[in-house]
Amino acid sequence: MKKVVIIGAGPAGLTAAYWLLKNTDCIPVIYESSDTIGGISQTINHNENRIDIGGHRFFSKSDEVVSIWKEILRPQGAPAKDELILNKEASLAVGGANPETDDDVLLTRHRVSRIYFLRKFFDYPISLKLKTFVNMGFFRTVYAGLGYMRSAIFKRKEKNLEDFMINRFGNPLYKMFFRDYTAKVWGRSPKDISADWGEQRIKGLSLRKAIGNAFGKIFKKKSEKAVETSLIESFMYPKYGPGQLYETMAKRIVEMGGEIHMNTQITNIEVIDGKVTKVLTDKRREITGYAYISTMPVKDLFEGFIGDKVDEQIKNIALNLPYRDFITVGLLVDKLKLKNKTKIKTVGNIVPDCWIYIQERNVKIGRLQVFNNWSPYMVKDFENKVWIGLEYFCNEGDEMWTLSDEDMIDFGISELVKIGIIDAADVSDKMVKRIKKAYPAYFDTYKDFKLVKKYLTDIDGLYCAGRNGQHRYNNMDHSMLSGIECAKVISGVSDDKNAIFEVNADRDYQETK
């Protein structure tokens, strides 16, 4: 039996372990530094109200990933069919589910995400509906139209993310809906961010694509796989959030003979003559294995290398890779002041959005999640309460990150009051959660990351997977696929180690999160 050491119990690490147990005689042993399964895809349970960190739509163009979702979440002994979505009509109505009869673990959800700007709602992606023009006003609409036509004729050389976005939307729409929000998320001007981020996340998204998709719905029905991820209209979602998938997967892994060690940090990785020989834990244990899969941040991985001397240029690039940290504030409120003016019926007539992009420039909040709309089971009393998540992007150690929990919560409440979303008196419960290195960033030394990637790929016995393990802003399914690719190479099913880093490199589809 071959022991495979896996660093991290997130989507990539867990999926690699599960695949190895199903298809090989390898024994995966996972070491997770925290007390939580799922990484950024975890679900937080606060007084029976659940938070999905960042929001995770279960949509993939990979049949292999979808089959794992259904396999893991299907009740033991249930038939291997698409009967997981028996209550489709009820669950498509936001908040619609019957706790007494709905045994499905995966619900089908209706996708609604909009932009909140000028105290009004705009479709995301931007649409050309009459309401869009009314909300923008006549002069903004004319200005935006002229700007888009100019961008269609005079293409910029895409040296950075600003060039990338202007080429697809025009300068006026870019300034209205992208520039300030992007700076809010990353803490940097789009001029400082590599165009790779656009290629990675929103290559298939443009005003032309949104128009084409709208006409496509009128004249012919496209399959979900043919639609850009940012334009999909429905997706699957576990009753109790993404953490339900990974917690169940972790239990299956242990039942199948794998091991998971929580609260155990890998502090060092020894590399001798270009080959990993062992890893060391914070409990002073030395662990050896047949192969090693790392999903830890690349920066931390390099900080832990011992043995062979690392090339100074490559080490400097890795140690200075940028990240963006994340804070979510959970608020349980009696109601929202936002009115549901859509045709979508919701319980309590709350707005139907899964999340709302906050473009208002006088607040720091980036997005607002409405967990009632992800799944009614995320909220203890979803008929009478609204459970929301305020998302903030910051850097570890900065002014926002170091606020006390109480001050951070008060700050979040004050911002929602300022932009007319809640009344402070309606808040009945609250919490805050901080996530380090939630988003690998595409600026500073990232421009030379290809050197780091080659160095890591050349290390015998080391396989890097997942969002942080590859310093790539992957979607959840891409992280799972990278874990599967690691497992396939380790087991000999594939002999192409370079393919691990190539997952999502073809940019077949993306989604902005």
Side-chain angles (χ1 to χ4, degrees), residues 10-12 15 38-44 50-70 72-73 82 84-85 88 91-97 104-115 123-125 185 200-205 210 213 222-246 326 328 344 351-357 366-378 388-389 391 438-439 467 473-481 504 507-513:
T15 305
I40 195 175
S41 298
Q42 65 185 268
T43 299
I44 300 167
R50 292 172 168 82
I51 282 182
D52 176 355
I53 300 293
H56 292 83
R57 297 178 183 137
F58 278 61
F59 173 82
S60 180
K61 295 186 178 182
S62 165
D63 292 336
E64 193 168 16
V65 168
V66 173
S67 67
I68 290 176
W69 289 341
K70 294 182 177 182
I72 293 296
L73 292 174
D82 285 338
L84 291 166
I85 311 175
K88 184 172 182 178
S91 60
L92 271 173
V94 177
D104 303 338
V105 180
L106 278 172
L107 304 176
T108 302
R109 311 309 293 151
H110 189 73
R111 176 201 179 278
V112 181
S113 297
R114 293 181 293 174
I115 294 168
D123 288 344
Y124 181 81
V185 171
Q200 176 82 25
R201 301 297 296 184
I202 56 173
K203 181 181 181 181
L205 185 61
N213 183 70
K222 288 186 177 181
S223 70
E224 286 284 65
K225 286 190 177 183
V227 178
E228 298 297 332
T229 306
S230 290
L231 301 174
I232 61 169
E233 295 186 347
S234 64
F235 58 94
M236 295 184 294
Y237 194 75
K239 269 186 177 182
Y240 300 107
Q244 183 178 13
L245 170 72
Y246 298 107
F326 179 87
T328 187
I344 301 173
V351 289
D353 306 76
C354 296
W355 64 54
I356 300 169
Y357 296 92
R367 285 188 316 205
L368 179 72
Q369 286 202 72
V370 185
F371 297 112
N372 302 56
N373 297 335
W374 286 97
S375 166
Y377 302 97
M378 298 283 280
I388 56 178
E391 298 183 352
Y439 304 107
R467 178 178 281 194
Y473 193 173
N474 282 332
N475 286 340
M476 179 175 62
D477 62 326
H478 295 132
S479 291
M480 293 177 69
L481 282 170
N504 195 28
R507 304 171 177 103
D508 180 47
Y509 67 100
Q510 297 81 22
E511 176 176 16
T512 303
K513 285 188 178 179

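Sequential numbering from 1 along the given sequence is applied to the chain's residues.
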query: Do the ring planes of Y439 and F326 sit parallel (below 30°), tilted (30 to 60°) or perpendicular (above 60°)?
result: perpendicular
statement: Residues T43 and G241: closest non-hydrogen pair is OG1-C, 3.5 Å
message: I need the F59 CZ to D477 CG distance, nearest 0.5 Å.
response: 9.0 Å
field: Nearest atoms (heavy-atom pairs only) where P376 meets L107
entry: CD-CD1, 4.2 Å
query: Should Q244 and Y377 count as side-chain neighbours, where that means a heavy-atom distance under 4.5 Å?
result: no
Side chain to side chain contact (heavy atoms under 4.5 Å, CB included) evaluation trace for M236 with K70: CA-CA 10 Å; M236 295 184 294; K70 294 182 177 182; 4.0 Å; yes
- prompt: If you look at every heavy atom in S60 and V66, which pair is closest and at what distance?
  reply: O-CG2, 3.9 Å
query: By side-chain hydrogen bond (donor to acceptor under 3.5 Å, both in side chains), which residues pair with E391, not counting sequence neighbours?
result: R367, Q369
field: Interatomic spacing from CE in M480 to CG in L245 - rounded to 0.5 Å
entry: 6.0 Å
message: If I compare all heavy atoms of S113 with all of D353, which pair ends up nearest, and what's the gap?
response: C-OD2, 4.0 Å
field: I115 side, atom CD1; I356 side, atom CD1 - distance, nearest 0.5 Å
entry: 11.5 Å
- request: Could you tell me how the ring of F58 sits relative to the ring of W69: parallel (under 30°), tilted (30 to 60°) or perpendicular (over 60°)?
  value: tilted
Donor-acceptor contact below 3.5 Å, side chain R467 vs main chain N474: yes
message: If you define the side chain from C-beta out and look only at heavy atoms, does anything of C354 sit under 4.5 Å from F371?
response: no
query: From R111 CZ over to W355 CH2, what is the distance, rounded to the nearest 0.5 angstrom?
result: 8.0 Å
message: Quick check: do P11 and H56 have side-chain heavy atoms less than 4.5 Å from each other?
response: no
- prompt: Atom CD of Q42 and atom CD1 of I40: how far apart are they, to the nearest 0.5 Å?
  reply: 8.5 Å
message: Return the CG to CE distance between N373 and M378, rounded to the nearest 0.5 Å.
response: 11.0 Å
task: Only counting residues at least two apart or in another chain, list the ones meeting ring pair (Phe, Tyr, Trp, His ring centres under 6.0 Å) with Y246.
output: none
query: T328 and I53: which non-hydrogen atoms are nearest, and at how many Å?
result: CG2-CD1, 3.8 Å
